[in-house]
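First the structure, in the form of C-alpha cells, and then the observations on it.
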Amino acid sequence: MKVIIIAVFLAIALPHANHGQTAGKKRGQNTKVERTQIPVIRLLYPSGGTIFDRTCPQFLKTQINPEWVQETARRVPEFQALWDKHGPAYLSVTFAEIGLGFPYGEMQAALTVCPVSSMSIPLMINVRAFLSSEQSQVPPEHFAEVVFHELMHHYTQRVNASSALRKKYAKEPPVVLSHLHVMAIEKFVLLKLGRTEELKYLDYQYRNNPPPSFYKRAWEIVNDIEGYESFIKEMKLLQK
C-alpha cells in the first residue's frame with residue numbers, strides 16, 4: 001500500500017517538479033518581464049478519474065461515488081473557464097502591488113474528489129464542494145479563489161526565511177505560519193477588486209474553521225492582531 005501511495009503522489013508531483021526546473025531558468029531573465037507575466041495554470045482530470053482518486057478508497061478507507069468522478073471529468077472545461085476568467089485578475093493585482101512575479105511560468109493542477117484538502121505541493125484542488133451532488137454547494141466563483149490560495153503558497157515561500165512576523169509567531173503550528181502571508185494577500189486582492197461578497201464568504205469560512213482551527217488562528221493574526229498590511233509590506237521589501 002505504501003508503494004501505491006508514493007507512486008500516486010509522484011505521478012501528480014512530477015509535472016509540478018518539471019515546471020520548477022523551467023522556472024529556474026526564467027529567474028535569470030529580465031525582472032520586468034517576470035513582474036508582468038501571468039503564469040499559465042492548466043487543470044487536469046481525465047475521464048475515469050486520476051490514479052489518486054481511484055486508489056483513494058483503499059488508503060483512506062472511504063468511498064468515492066462514480067458520479068463525482070464523471071461530473072468532475074465532464075466539467076473540467078467549466079472549471080478551467082472559471083479560473084481563466086477570474087484568476088489572472090487576482091494575480092495581476094498581486095504582482096502590481098508587491099512587485100514580484102510568480103516563480104513559475106506554467107503549472108498543472110490536478111482536480112480531486114478524494115476527501116483531502118486542496119494543497120499546493122503537489123498542486124491539487126478538491127472540487128467536491130462544487131459538484132451538483134453536494135447539498136450545500138459552494139458558489140462557483142469561489143473556485144478561482146481556491147486555486148489562487150494554493151498558488152500563493154508558492155508565491156510567498158520566498159519571504160519565509162526573512163519574515164520578522166513569522167519569527168514573532170514562531171511558536172504557532174507550521175500550518176498557521178504557512179498561511180499568514182497567503183491570507184494577507186487574499187484579503188488585499190479581494191478588497192482591491194471590490195469582491196466584498198467573496199471576502200465575506202472567506203471570512204466566514206476561516207473564522208468557523210473546525211478544530212484544531214489552524215485557519216481560524218492564522219486569519220485572526222492577519223485581520224485582528226497584525227493587520228494584513230503588515231504582511232504585504234514584508235513581501236514588498238523582498239524586491240529591494
For [X] versus [Y], what's the shortest heavy-atom pair and its separation?
X	Y	result
Val176	Phe214	CG2-O, 3.5 Å
Phe188	Ile232	CB-CD1, 4.0 Å
Glu67	Asn65	N-OD1, 2.9 Å
Arg75	Glu71	NH1-OE2, 2.7 Å

Do Asp53 and Thr112 have a side chain donor and acceptor closer than 3.5 Å?
-> yes
Do the side-chain N and O atoms of Ser163 and Glu234 include a donor-acceptor pair separated by under 3.5 angstrom?
-> yes
Applying the side-chain hydrogen bond (donor to acceptor under 3.5 Å, both in side chains) test to Tyr206, which of Glu220, Glu186, Arg217, Lys216 qualifies?
->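 Filter result, single survivor: Glu186.
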With His86, which of Glu141, Glu198, Arg195, Glu145 fulfils side-chain hydrogen bond (donor to acceptor under 3.5 Å, both in side chains)?
->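 The residue from Glu141, Glu198, Arg195, Glu145 that satisfies side-chain hydrogen bond (donor to acceptor under 3.5 Å, both in side chains) with His86 turns out to be Arg195.
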Heavy atoms of other groups near Gln205 CD, more than 12 under 6.0 Å | yes
Using a cut-off of 6.0 Å, state whether more than 12 heavy atoms not belonging to Lys167 lie near its atom NZ.
-> yes
Start with the C-alpha gap between Tyr104 and Tyr155, add the side-chain angles, then the distance that decides, and say whether ring-ring contact (aromatic ring centres under 6.0 Å, His included) holds.
-> CA-CA 9 Å; Tyr104 313 127; Tyr155 188 71; over 10 Å; no
Yes or no on side-chain contact (heavy atoms from CB on, under 4.5 Å) for Ile38 and Phe95, after CA distance, side-chain angles and deciding distance?
-> CA-CA 9 Å; Ile38 301 298; Phe95 301 165; 3.9 Å; yes
Flag the pair [X] / [Y] as yes when at least one side-chain heavy-atom distance between them is below 4.5 Å, and no otherwise.
X	Y	result
Thr50	Arg54	no
Val127	Tyr45	no
Val113	Asn126	no

Would you call Arg207-Asp224 a salt bridge at under 4.0 Å N-O?
->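 Result for this pair is yes, salt bridge flagged.
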May I have the step-by-step check of side-chain contact (heavy atoms from CB on, under 4.5 Å) for Val69 and Ile64, ending in yes or no?
-> CA-CA 8 Å; Val69 174; Ile64 296 295; 3.8 Å; yes
Is the Lys NZ or Arg CZ of Arg128 less than 6.0 Å from the centre of Phe130's six-membered ring, within 45° of the axis?
-> no
